Each structure stands twice: as structure tokens, then as C-alpha cells.
Amino acid sequence: MDYDSLVRKLGTFGPYQKRLLFVVFFPVIFNSFGTPVSVFLLGDHLHRCKLPNLENDSYTVQGQYHEDLINATVPILPDGSYDKCKIIVNGTLEPCSEWVYDESIFANTVSSQFNLVCDNAYLNSLGISTYFFGHLFATILGLLADIYGRRFMVVSASTVMFIVNIIMPFSYNAYMFIVLRFLDGTTGMVFYSASFIIGMELVGPSKRLFAGTLILVVYVFGELLLVFFAYFIRDWRWLQLTLGIPMVSVLCYWWPGVLPESPRWLLSRGRNDEAVKILRKAANVNKVHFEKLPKDFRLEKKDRGLLEILKELFHSKKLILRWIIVFLNWFITSALYYGLTLHIGKLGGSLYINFTLSSLVELLGYLLCLVMDRTGRKPLHLSVMFLSGVACLSSAFPVLFGDNSHNWIMIALSMIGKLGISAAFGEIYIYTGELFPTVVRSLILSSCSFGARIGSNTSPFMYNLAEGKMKTALPLMIYGVATLIIASLSILLPETKKRKLLEQVEDVEQEQDLMVDRNNGSFKSSGPNHSESEMMELTNSNDEDRNN
């Protein structure tokens, strides 16, 4: 009997698992603030040069005299807006060192607090990208969960995350804020990954797709809660403090009675007595009899070294081509998702309405993943990728050839693109795992996750490539064209619905002959070393990488 069979015996999705998922998924609400909060902390804060010798200068025109003074002092650009970085002093055009900011959307942001504009504008983008660099660093720290345990990583990361978010509003310069954002990104990803694994390792295989989708739904709920607070709290310091204080609740995780260790990890470390104690408690809550581990119980072990894995991978040209295509899919999916999320304020219209709509279509995209077992992996993947590509490319045209009255078209098309790419975010992980054999699956998933992190790190800089209308249109065009090209390449990928998971590299040549063998909703393979735990590995990779 393997571990997944033992979980089915205890109850695939009984009261104990439901309680545990509530415990580990509840803090995801706070965790979901991390990425999109950049929209409100580091948003596009309209500004112009401050008029010299005018103490009460403001971005809003105070009267005709004020307007005349602005027109005589601040250069007017061809599009009718005021120059943001230069001022006329004694008939000479000079860079300015003070600015005034529009307070109609934000009262105070990190950008206005530390003047992250003009020559210092790169610090604004850096403040966003360092959060993703933290995600990248977390992929290394995440390996410690296999050494010190899932529970230790959850409680330690959540504690540091709480401290960082409380300190952040008191940043005395931009550099301190950027360092804290890096730590927030690192601890947030470590916390999310380890806590999710704890929950998934006690859920039966047939419920893991549902549980994996559920955590994404919780993530969206957090985004909606974020925009609610951001609408009423327009000062970044108070907003960040408001979001950080409730995180104190995660400190109760230090008590083992609230969050137990993963029995699977305990068994893998030979700590069977501790694991049996937790499993016995789960059985009691689920009203199932359990006293001790069955005599035939075993945990699957993978003994292959890295060199042997690489030899297996490069043995097949088909797998290499497949790897390249999938890597590009992860890259563009992450780049487009975060590109549309972080720059929602550049779409025009109400920032808060656009953010709310974006979150709702994201929720719909995640729910589409539930139909994956009916539609098949490939049809759903191609549909949402082509949908996103066409929508993003089309949304650039109202920007280039329309006026403000056509802005709603651009917003609607961008939302369609967000819908498609959110669905792609939800399904690409499981599809990827099913495309590759067991001997190289972990390596492929890790490398693709790295590619996704690279993609997300490009998103903060995409809207700095041009000025004027092209500032908004060019990123949408790049995202659209790139997505369509990669979607076209994905046509070469095979369908994996109703097919056993591949075990060895040579299975790739006969994969069309592999048929699925279902038992209680789980997948089995013809390979002698395969178990349903492989499907859990795929689902884990899905939601570990999706931290918001």
C-alpha cells in the first residue's frame, strides 16, 4: 500500500481535510495582497514639476492666474500634457527637483513619497520587480521544506512575512522599501508553497484538482478585499499597515494543535510514530478506524541522480522540442498575467472598477480549469492562449487609432485577455507534468517555474519602452504577438487526456498507445514504480508557482 492508498482509506476529503485546508488556505487571503498591492503602492501617480517660489502649488489648477503661471513655467508636450521632468527657469529649460502630484486617485504613494519619477523612475519599476526576485530566491529556499519540514517553513516564513509587512509602512527611503519588498516576495512564496503542500498531502488524488482550484478562488477573494481597502484608504502607509496587521493571526501556527506537520514528510524522514499520531487523529475526525501503518505500506523513492536524469532527457529530440515549447508557454503566461495585473491603471477609466473587473474575470478563468477533464488539456490550452493573444493584440488598436470614447473597447479586450491567461495559469502546470515522463518531470517543472519567474520580472518594465500612445499600445502588441506565436507552437504538443502518465523516456515513442486506468478517480501507469503520488506532484507544482 502506498501513501495515496492510505489517504483514501482515511477518507479522501473528509472533515479533517476540510478543516486543514481552511487552516492553510485562510492566510492565502493575506498572501494574495503581495503582488497586486503594487498597483496602489507604486501606481502611476500623475505629476508635473513644482513651480519655483510657489509654496502652495498643486497639481490641480487653482484658478486662471495659477494656470497662466503653469503654462509660462512648465513646457507643454505635443499631446497637450505638461512636461513631467523639465521646467523653464529664466528662459532656460532645466530638469526639476521637486514635483506636485495628482491627488484625485492616490493621496500618497511610494512614488510620491520618495519622488520615484524622472531620473529615479527606475526605482519605481525596481520596487515592483524585486518582489518577483524574491519569488525567484524562494524557489531555492523552498527546498528546505524537504529538510526541515513543511510546518517549520510555514511558521517561520509567515512570522517574517508579518514582521516585514508591519515595518514596511515606516520605510524612511526607497531603498529600505525595496529591500522589504524583496523579503516580502521571498517569505510570501515560501509560506504559500509549504502551507499548500501540507494540505495537498492529506487530500485524496481525486480531489486535488478541486483543492488546487479552490486555493486560486481564495486568492481572488483576497484581491477583491484588497481593492475594497484601497478604495477607502488612499495613503500607501495606512493601506500597507491595514493589510499587514491582520497577518498577526498566522502566529498561532506555532502551536502544533493548529497546524500539524505533514504525515507524508514525517514518514519520509523515518518519524513514523509522529506520523501515525497525526493520521490517527485524522481517522478519528473522519470516523474511520486506524491504529497503525499496514505491513505492506511503502513510500516511493527516486534514486536517480542529476546526470542520469539529464541523459534520459537529452536522449529524446521529441522531449527537447516539447521542453522548449512548454518553457516558452510558462514564460509568456507569467509575463502576460502580471503585465495585465500590475499595469491595470494604465488602461484608463476608473482604476478601482478596472481592478475589480480584472479580479472577477480572473476568477472565471480559474473556474474554467474545472472542465479540463471533459474538454481535454490541449483544446483548453490552445483556446485560452489564442484567445489571450488575439484579445491583447486587438486591444492595441483602439489606443492607436481611437480616442477616449473608444477606451472601453480596449478595456474590454484586455479583460478578455486576462480571462484567457488566468485559465492558462491554472491549467498549464498539470498539462506540463503530463507531457513528460517521471524520470525528468521534477527537472522540467523546476526549469519551467524558473522561466515563469523570468517572465514575471519583465512585466514591471514593459510599459517603460515608449511614450505617448505607444506606452500603452506597444506592450499589448508585444504580449499579443508573442502569445500567438507560442500558441501556434503549442499545436505540436500532444493531448494527454485519458492517457497514463509517462514513466520512462522511451514511453514517449508509444504514448499514443497508453490508455488511462482509473481507480477511484486516480491515475495509474504501466510502469512498475508509478503511483498516484505523481499526480499530487503535478498539482503541487501548479499552486506552488501561483503565488500571487
Side-chain angles (χ1 to χ4, degrees), residues 1-29 31 144-159 190-212 214-215 218 248-301 519-522 531-533 535-537 539-540 543-544:
M1 176 183 289
D2 60 21
Y3 183 81
D4 285 318
S5 299
L6 178 62
V7 170
R8 287 202 306 273
K9 184 178 180 180
L10 295 175
T12 299
F13 198 59
Y16 183 83
Q17 285 92 336
K18 293 175 183 177
R19 295 178 189 177
L20 184 64
L21 287 183
F22 175 81
V23 171
V24 296
F25 284 5
F26 175 73
V28 172
I29 296 175
N31 192 259
L144 297 178
D146 289 333
I147 301 175
Y148 297 106
R150 285 79 160 102
R151 183 180 178 278
F152 172 78
M153 297 304 292
V154 167
V155 296
S156 58
S158 61
T159 300
V190 171
F191 164 78
Y192 183 95
S193 302
S195 61
F196 181 81
I197 291 175
I198 288 179
M200 296 305 292
E201 287 185 341
L202 261 180
V203 174
S206 63
K207 295 296 183 180
R208 284 175 186 144
L209 178 59
F210 169 77
L214 178 62
I215 195 173
V218 175
V248 69
S249 60
V250 301
L251 297 183
C252 69
Y253 282 23
W254 284 98
W255 182 33
V258 175
L259 181 67
E261 181 55 270
S262 165
R264 187 184 193 114
W265 180 81
L266 291 171
L267 291 169
S268 71
R269 309 301 291 184
R271 296 160 62 175
N272 291 13
D273 292 341
E274 296 176 61
V276 168
K277 184 178 180 180
I278 296 174
L279 292 171
R280 190 177 294 133
K281 180 179 180 180
N284 289 336
V285 174
N286 290 344
K287 298 181 179 181
V288 177
H289 177 73
F290 176 81
E291 289 296 333
K292 60 182 180 179
L293 295 174
K295 294 182 179 180
D296 62 342
F297 177 79
R298 63 181 176 83
L299 278 179
E300 298 77 17
K301 296 183 179 180
N519 181 16
N520 293 327
S522 61
S531 78
E532 291 129 345
S533 62
M535 283 307 296
M536 186 200 64
E537 180 181 321
T539 311
N540 284 352
D543 293 277
E544 285 175 25

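Note that the coordinates shown come from a computational prediction; the quantities given were computed from them, not determined experimentally.
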Please identify each residue that fulfils side-chain contact (heavy atoms from CB on, under 4.5 Å) with Val258, with sequence neighbours left out. Val23, Cys252, Tyr253, Trp255
Taking all non-hydrogen atoms of both residues, which atom of Ala275 and which atom of Pro263 are closest, and how far apart? CB-O, 3.7 Å
Is the backbone N or O of His289 less than 3.5 Å from a side-chain atom of Arg280, with the two atoms forming a donor-acceptor pair by type? no
How about Val250 and Thr159: do any of their side-chain heavy atoms sit closer than 4.5 Å? no
What's the spacing between Asn286 CG and Phe13 CZ if we round to 0.5 Å? 10.5 Å
For Ala282, side-chain contact (heavy atoms from CB on, under 4.5 Å) partners two or more places apart: Tyr16
Atom pair CG/CG of Leu279 and Asn284 - distance to nearest 0.5 Å: 11.0 Å
With a 4.5 Å heavy-atom cut-off, do Arg271 and Trp265 have their side chains touching? yes
Return the OH to CD1 distance between Tyr192 and Ile215, rounded to the nearest 0.5 Å. 3.5 Å
Tell me the closest heavy-atom pair linking Ala194 and Met153, and the distance in Å. CB-CB, 3.9 Å
Quick one: does Pro15's side chain get under 4.5 Å of Lys287's, heavy atoms only? no
Nearest 0.5 Å, what's the CZ-CG distance between Phe26 and Leu21? 14.5 Å
If every non-hydrogen atom of Arg150 is compared with every non-hydrogen atom of Ser262, which pair is closest and at what distance? CD-CB, 4.1 Å
Rounded to the nearest 0.5 Å, how far does OG of Ser156 lie from CH2 of Trp254? 6.0 Å
Rounded at 0.5 Å granularity, tell me how far CG in Asn272 sits from CG in Leu266. 9.0 Å
Under the salt bridge (Lys or Arg N to Asp or Glu O under 4.0 Å) rule, collect the residues that match up with Arg19, sequence neighbours excluded. none
